[in-house]
Amino acid sequence: MARVDDEPPPDVDVAGRLVGLRRMGGTSFAHLRDGSGEVQLFLNRQALGADAYRKALELLDVGDFVSAGGSLFRTRSGEPSVRVDRLQVAAKALRPLPAKWHGLRDPETRFRQRYLDILANDEVRRRFEARTAIVSALRRVLDTYGYLEVETPTLQPIYGGGAAVPFVTSYAALNRDYYLRIADELYLKRLLVAGYERVYEICKNFRNEGIDSSHCPEFTMLECYQAFADLGDMRDLAQQLVAAAAEAACGTTRVQVDDHVLDFTPPWRRLTYRDALLAGAGVDLEGDGSLSALNDAAEANEVPVDPSWPRAKLLDELMKTLVEPTLVQPTLLERYPTETAPLAKRCPDDPRYIERFEVFVNGMEMANAYTELNDPLEQRARMEDQASARHGDDATPVDEDFLLALEHGMPPAGGLGIGVDRLVMALAGVSNIREVILFPQLRDRS
RNA sequence: GGGCUGGUAGCUCAGUUGGCAGAGCAGCGGACUUUUAAUCCGAAGGUCGUGGGUUCGAGACCCACCCGGCCCA
């Protein structure tokens, strides 16, 4: 490979995007950038020929893709440069790049024309590279443990695995409505029935609900299931996955974000749901945990609630308002009340609780795990309970096909879901989910 | 859905009490043969988000709407 101080000066060819052009009469300087860095072009009337030199300067604009060749040397200031004797425009830019000095700041333009954002803002470019590194790290850990990566339907005849409003679409060949998945859980569990013992999928889920700084209707989820694993195994796995992601993105598990450090080094803090609710709302689920006691606690803490809400919704609202915002460092919230999730196995020592944890970081839910319910009879009863207690339009319909699969025998298993966008947010130190999604959707500019 | 806040040249932003629409950079023309955000000279560049209203006069004030951002629900 040619080096800049070789003798005689090596002849090289370079190509890239023109990012700077300084015309100084008989000599001009240009910078070409590609994925590996920048190189300076030394354009000289004599080296290039008077006619070619004049034409080149007439034609060139910052933003063009250019290829050039010539001898490699150092300028008087020591910068390695190509003394160009041949030059071609490989692609012409008709519109100017965002200003080199002030860059592109308008958030609307940054989101609508993300290619300009990435082009102009190094930090943004690096953030999306980090996102890819994070997803690769998650795959690497799971692959190392022998998990099988699979693909399950995005278009589903019945939606399940969560509580959310689905996007509805029309499936012409089958002549019926289909749903974009809100989760892939019920398909991955069918694969446990099939005999695969470790499966995972990283995919887009779709929830036809609000957009805010931590919710995007189209988001990325990792779900993985392991036969014969218990919740402790899932706890270890969750911490390993996130720690590996932090190492991949930041080179450390202690991530500096603004003025504080998020410490993802395992083991993380553990907290039971009961203790958290007691500390946050002053209600003891094992004292008077009745509906009226919960409503009283909401009122005492000025949490707006609706008396018609079922217990699960009320609990969720209390936790969201009074507990979750306090969970800044990675925290495992454990031992959830049974009604909070219909797909989780009950604690063997106390059927009021399920074997579930969620991970919170920066006050935001980032992961969710259960010991999976694999008893087809109890699963049917719990799903029917949930369907009959429907509240609003996010009630989950009973999936008979899934229950049929369970009736053929699903091994005991642990399952874990990680919100990939939110993981990236935490590791990148940004507070808006749009900052980690390449092309977030915005309203039409009508 | 509510509150706050923003939308002015390609980009980043000023615009005072309601009185001629501004700057820097980019772009255009010119000078300049080792520059580094080159420098210097010159000219140009506007649906002030949209539509109404008040006024002799509106970028600014009032009303409605559109598109963002932050916070709350």
Side-chain angles (χ1 to χ4, degrees), chain A residues 4 9 17-33 37-50 52-54 56-64 70-85 92-122 124 209-216 258 298 301-306 309 313-314 316-322 324-325 362-364 392 430-435 437 439-446:
Chain A
V4 61
R17 185 171 223 142
L18 190 68
V19 292
L21 182 58
R22 296 180 292 281
R23 302 163 198 240
M24 318 190 54
T27 294
S28 296
F29 298 87
H31 272 92
L32 287 192
R33 178 187 298 167
E38 289 189 12
V39 64
Q40 178 167 269
L41 302 184
F42 180 91
L43 302 167
N44 182 272
R45 184 175 288 145
Q46 270 143 26
L48 203 51
Y53 181 75
R54 182 180 50 78
L57 289 191
E58 261 173 31
L59 182 62
L60 288 178
D61 284 306
V62 169
D64 293 348
S71 62
L72 193 56
F73 76 112
R74 284 187 192 276
T75 57
R76 198 173 288 166
S77 61
E79 179 161 347
S81 306
V82 179
R83 189 185 309 271
V84 174
D85 57 36
K92 193 84 194 78
L94 298 183
R95 294 177 186 269
L97 298 180
K100 60 186 171 187
W101 191 243
H102 295 290
L104 177 65
R105 294 194 196 149
D106 175 37
E108 190 170 349
T109 309
R110 288 185 48 233
F111 295 149
R112 287 191 196 275
Q113 295 179 273
R114 180 71 94 183
Y115 47 93
L116 295 180
D117 188 26
I118 293 168
L119 200 54
N121 297 316
D122 279 356
V124 175
E209 298 172 354
I211 300 177
D212 64 28
S213 59
S214 61
H215 294 85
C216 181
D258 298 330
N301 291 286
E302 295 175 349
V303 180
V305 294
D306 187 323
W309 285 352
K313 171 104 177 155
L314 190 55
D316 191 48
E317 202 59 33
L318 289 172
M319 293 297 284
K320 269 198 169 75
T321 311
L322 301 172
E324 293 175 12
N362 281 334
M364 209 167 40
V430 297
S431 55
N432 192 322
I433 196 167
R434 281 176 164 160
E435 295 290 357
I437 291 174
F439 298 102
Q441 305 291 339
L442 272 66
R443 276 180 213 278
D444 287 348
R445 254 194 297 219
S446 53

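Lettering of chains follows the sequences in order, A, B, ..., and the numbering in each one begins at 1. Note that this is a predicted model, so its numbers are computed, not measured.
Distance check on atom C1': B:C48 versus B:C61 gives 15 Å, rounded to whole Å. Nucleotides B:G6 and B:C20 have their P atoms positioned 23 Å apart, rounded to a whole Å. Between B:G27 and B:C67, the distance separating the two C1' atoms is 28 Å to the nearest Å. Going from the C1' atom of B:A21 to that of B:G57 covers 15 Å, rounded to whole Å. Here, B:C63 and B:A73 have their P atoms 27 Å apart, quoted to the whole Å. Annotation: B:A44 and B:A23 have their C1' atoms spaced 15 Å apart (nearest Å).
Here the C1' atom of nucleotide B:A38 and the CG atom of A:Leu41 are 16 Å apart, to the nearest Å. Nucleotide B:G10 holds its P atom 14 Å from the CG atom of A:Leu116, rounded to whole Å. For A:Asp106 and B:G10, the CG to P distance is 13 Å, given to the nearest whole Å. Remark: P of B:G68 and CZ of A:Arg443 are 6 Å apart, rounded to the nearest angstrom.
In this structure, the side chain of A:Asn301 does not engage the main chain of A:Val303 through any donor-acceptor pair within 3.5 Å. Side-chain N or O atoms of A:Arg83 include none that pairs as donor or acceptor with a backbone N or O of A:Ala47 at under 3.5 Å.
Residues meeting the salt bridge (Lys or Arg N to Asp or Glu O under 4.0 Å) test with A:Arg74, sequence neighbours left out: A:Asp5. Under the side chain to side chain contact (heavy atoms under 4.5 Å, CB included) criterion, A:Ser213 pairs with A:Asn432, sequence neighbours left out. A:Arg45 pairs by the side chain to side chain contact (heavy atoms under 4.5 Å, CB included) definition with A:Ala50, A:Tyr53, not counting sequence neighbours. With sequence neighbours left out, the side chain to side chain contact (heavy atoms under 4.5 Å, CB included) criterion links A:Met364 to A:Ser214, A:Arg422, A:Met425. Under the side chain to side chain contact (heavy atoms under 4.5 Å, CB included) criterion, A:Glu79 pairs with A:His31, A:Gln40, A:Thr75, A:Ser77, A:Ser81, not counting sequence neighbours. In terms of the ring-ring contact (aromatic ring centres under 6.0 Å, His included) criterion, residue partners of A:Phe73 (sequence neighbours excluded) are, by chain and number, A:Phe42. Here A:Lys92 pairs with A:Asp61, A:Asp64 under the salt bridge (Lys or Arg N to Asp or Glu O under 4.0 Å) rule; sequence neighbours left out.
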> Which dot-bracket notation, 5' to 3', represents the base pairing of RNA chain B when pairs are defined as Watson-Crick or G-U with both distances under 3.5 Å, crossing pairs as [ ], and inter-strand pairs as |?
Replying inline: (((((((..((((.....[..))))..((((.......))))......(((((..]....)))))))))))).
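Contacts of A:Arg22 with the nucleic acid, taken as non-hydrogen atoms under 4.0 Å apart, include base atoms. A:Gly103 comes within 4.0 angstrom of sugar-phosphate atoms only, judged by non-hydrogen atoms across all strands, and of no base.
Applying the salt bridge (charged side-chain N to carboxylate O under 4.0 Å, His left out) test to pairs two or more places apart or on separate chains, those with a residue in residues 108-119 of chain A are A:Glu108-A:Arg112, A:Glu108-A:Arg445, A:Arg110-A:Asp117, A:Arg110-A:Glu435, A:Arg114-A:Asp117.
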>> side-chain contact (heavy atoms from CB on, under 4.5 Å) for A:Arg434 and A:Ile211? Distances and angles first, verdict last.
In response: CA-CA 10 Å; A:Arg434 281 176 164 160; A:Ile211 300 177; 3.9 Å; yes
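Taken to the nearest 0.5 Å, the CG atom of A:Leu104 stands 6.0 Å off from the CG atom of A:Leu116. The line from CD of A:Glu302 to OG1 of A:Thr321 is 11.5 Å long, rounded to the nearest 0.5 Å. Rounding to the nearest 0.5 angstrom, the gap separating the CD atom in A:Glu317 from the CH2 atom in A:Trp309 is 4.0 Å.
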With the criterion being N/O to N/O and under 3.5 Å, what pairs connect the protein with nucleotides 70-73 of chain B, and how long is each?
from: B:C70; atom 1: OP1; to: A:Asn432; atom 2: ND2; distance (Å): 2.8
from: B:C70; atom 1: OP2; to: A:Asn432; atom 2: ND2; distance (Å): 3.3

> How does protein contact run along nucleotides 24-34 of chain B, one letter per nucleotide 5' to 3', with B for base contact, S for sugar-phosphate only, - for none, heavy atoms under 4.0 Å?
Replying inline: B-S-S---BBB
> Which letter, B, S or -, goes with each nucleotide of nucleotides 40-51 of chain B from 5' to 3', with contact meaning a protein heavy atom under 4.0 Å?
Replying inline: ------------
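Heavy-atom distances to RNA chain B give each of A:Pro98 and A:Arg112 a nearest nucleotide, and the one nearer the 5′ end belongs to A:Pro98.
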